[in-house]
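Taking it in order: structure first as structure tokens, then the write-up.
These values consider heavy atoms only, across backbone and side chains, with no hydrogens, waters or symmetry-generated copies. Letters go in sequence order (proteins before strands), and every chain restarts at 1. Since the model is a prediction, treat every value here as computed from it, not as a measurement.
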Amino acid sequence: MSRIAGRFQALAEQGRKALIPYIVAGDPTREVTVQLMHRLVEAGADIIEVGVPFSDPMSEGPVIQLGHERALADGTSLRNVIDMVSQFRQQDNATPVLLMGYANPVEHMGYATFCDAAAAAGIDALLTVDIPPEEVEAVNAELVRVDMDNIFLIAPTTPDDRIEVIARQARGFIYYVSLKGVTGAGHLDVDDVTFHLDKIRSHSSLPVAVGFGIKDAASAMTVARVADGVVVGSALVNAMAQTIEEGGDTEAAITAATSLLSSIREGIDSLAS
Amino acid sequence: MTSKMTQELFDTVPDCDGRFGVYGGKFVAETLMSALAELEALYRKLSADAAFQRELDEDLAHYVGRPSPLYEAKRWSNKVGGARIFLKREDLNHTGAHKVNNTVGQALLAKYMGKRRVIAETGAGQHGVATATIAARLGLECHVFMGEEDVRRQALNVYRMKLLGATVVPVTSGSRTLKDAMNEAMRDWVTNVDDTFYIIGTVAGPHPYPMLVRDFQSVIGRETRVQSLAQVGKLPDALVACVGGGSNAIGLFHPFLADDEVAMYGVEAGGHGVSTNQHAAPLTAGTPGILHGNRTYLMQDADGQIMHTHSVSAGLDYPGVGPEHSWLKDIGRVNYVVANDDEALAAFHSLTRIEGIMPALETAHALAYAEKLAATMTPEQMIVVNLSGRGDKDIHTVAQIDGLEM
Ligand SMILES: Cc1ncc(COP(=O)(O)O)c(C=O)c1O
């Protein structure tokens, strides 16, 4: 069983929901990322979603865009990101790590080269925002070859027949984008999320995590009532950026992120059945 | 080129997945996939619909002012020497560039879809102005995304858009030019996909945009064909157009692709020279990759990050290019070449002084290459240059380069 499947299964047995923090690798600097990952695990992360910085992050709101810009300014490449996970794995062989990014850096490295390096580093899955099922064949073949999961997005605008197509190809879990918009937008509609999760579950037995628009314990709890996992991104990236902007050092930035994550952990665990 | 390049070959692209060979496709976030499918279905239906075509033709005739003249630049040809040079006068269109051909078409699609709001990205501001213009005419809300750098260097067009009732949104991310404006327009579209139509200004973006923008711009080449036969009695020996995203070029080239005897030259922005990193010539100096919804030649670094570009003309200052051009390059049907900033500026002055026609700085790149090409040809041969737009918007930039404070 893959690390991701194992983690969701263990959580389900405990009646708990997966907490999935998203960070941008190399933000604010390359030095911080591995340490930040360990600290997120201590603060209750079940799976870590590591953003691969890209010059043109079209699906990101302003907060995460700036994270990508900071990471690139520090010279973070896809190779570096893979190395960071490899380093993380020296101490943590249990927490699933998924890379989330855009097609071009991965395609530029070459899908086979990427998959070999990623699998060797202990990366469990890939989510490429701009590779929909229509374009996924080439990268998917390589992911299958190295036993990595392929995480797909389903959106509020995804019609039933597409949900079915995506569900057939997805491995690990399905990521439901809770709103029409970019990351960090604020208009989460719980009824709509519930409606769509029911539809997704009628096509797939994979766990479904929900992201985009979850910013605190309250919004995470609302979503965790119906989803198998919650993804928190902009709120964490913002907590760190703001701390640094106000003169805090990287330790303070990490603490800002981990205390937010702990509060969300507590919130969603209070729902545990 | 080989003799296998028949009309059938060119009719096969894009295929049903939006591919031109290995290029093109639909590389966008899931949220937009159904909007693209809806647009494609509607477009396929309407492009075969006589009433829609009639409405489009009427707009092109009476609002845009088509057909645009095919003008022989005799004095300029004489000065340059060699082939006769003809200018396809897209600068005489309403709003002053070829961009409006496409905007009128897409705005009609928006109307048929019942969208109340349109958005656009713009570099030089010509596509933004064209979109703001049609939005005013149709009573649609209009938001135009424009890189902060371009807002500065195309101030005249920014004010034109405001007068037309559009909201101009300066984009401060990334390189603050056209590519970042396109990112921001995509972000807006993802957020407002229910009531908003995204009018993309060039043959880039995800399928079906490269196809439908090409089709709307092909009126340029269709007219040129008829005019060449009527005025000169033959097809042109060579076609020359500048290539930013590639819409004016594909519009001129497409109806001639199967005519072996017509040579084609797409002129990219060489900026300070393609041996520097200060240019915008992905077909000449780039490699294939994925950006803005399609696979195409890009300017990218060793890590697959998109590079900052440079061109004196905002409309060519883009690191990618329409996927059909990438395919046409690979199959060898079109030659892609460059003109540098200084060559374009010289051509700008030359045409202005000799023909009394002030071209856009984008267009001036095509003119600069045409000068070189003509000199290698004979007076029995003819070149058609797509005069894609007029240069009023660039007066400020040119004055500044000439050391004048305006
Ligand atoms: C006059 C003119 N020509 C050419 C271009 C370049 O665009 P394309 O390559 O799509 O024709 C622009 C873009 O702004 C323009 O304004």
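Interatomic distance, B/D303 CG to A/S55 OG, rounded to the nearest 0.5 Å: 10.5 Å. In this structure, the separation between OG on A/S59 and CG on B/L32 is 7.5 Å, given to the nearest 0.5 Å. Between the NZ atom of B/K179 and the CE atom of A/M58 there is a distance of 11.0 Å, given to the nearest 0.5 Å.
Within 6.0 Å of atom CZ in A/R79, 12 or fewer heavy atoms from other residues, nucleotides or ligands are found, so the atom counts as exposed in its surroundings. Within 6.0 Å of the CG atom in A/N80, the count of heavy atoms belonging to other residues, nucleotides or ligands exceeds 12. Around the CD atom of A/Q169, the shell of radius 6.0 Å holds more than 12 heavy atoms that belong to other residues, nucleotides or ligands.
No side-chain donor-acceptor contact under 3.5 Å links B/Q305 to the backbone of A/P105. B/T31 places no side-chain N or O within 3.5 Å of a backbone atom of A/K180 that could act as its donor or acceptor partner.
The choice from A/E69, A/H108, A/E60 that makes the most heavy-atom pairs within less than 4.5 Å of chain B is A/H108. In terms of heavy-atom pairs under 4.5 Å with chain A, the best-connected choice from B/D180, B/I290, B/T287 is B/I290. In terms of heavy-atom pairs under 4.5 angstrom with chain A, the leader among B/R187, B/R19, B/M33, B/M186 is B/R187.
Electrostatic pairing of B/R295 and A/E107 counts as a salt bridge here, judged by a charged N lying under 4.0 Å from a carboxylate O.
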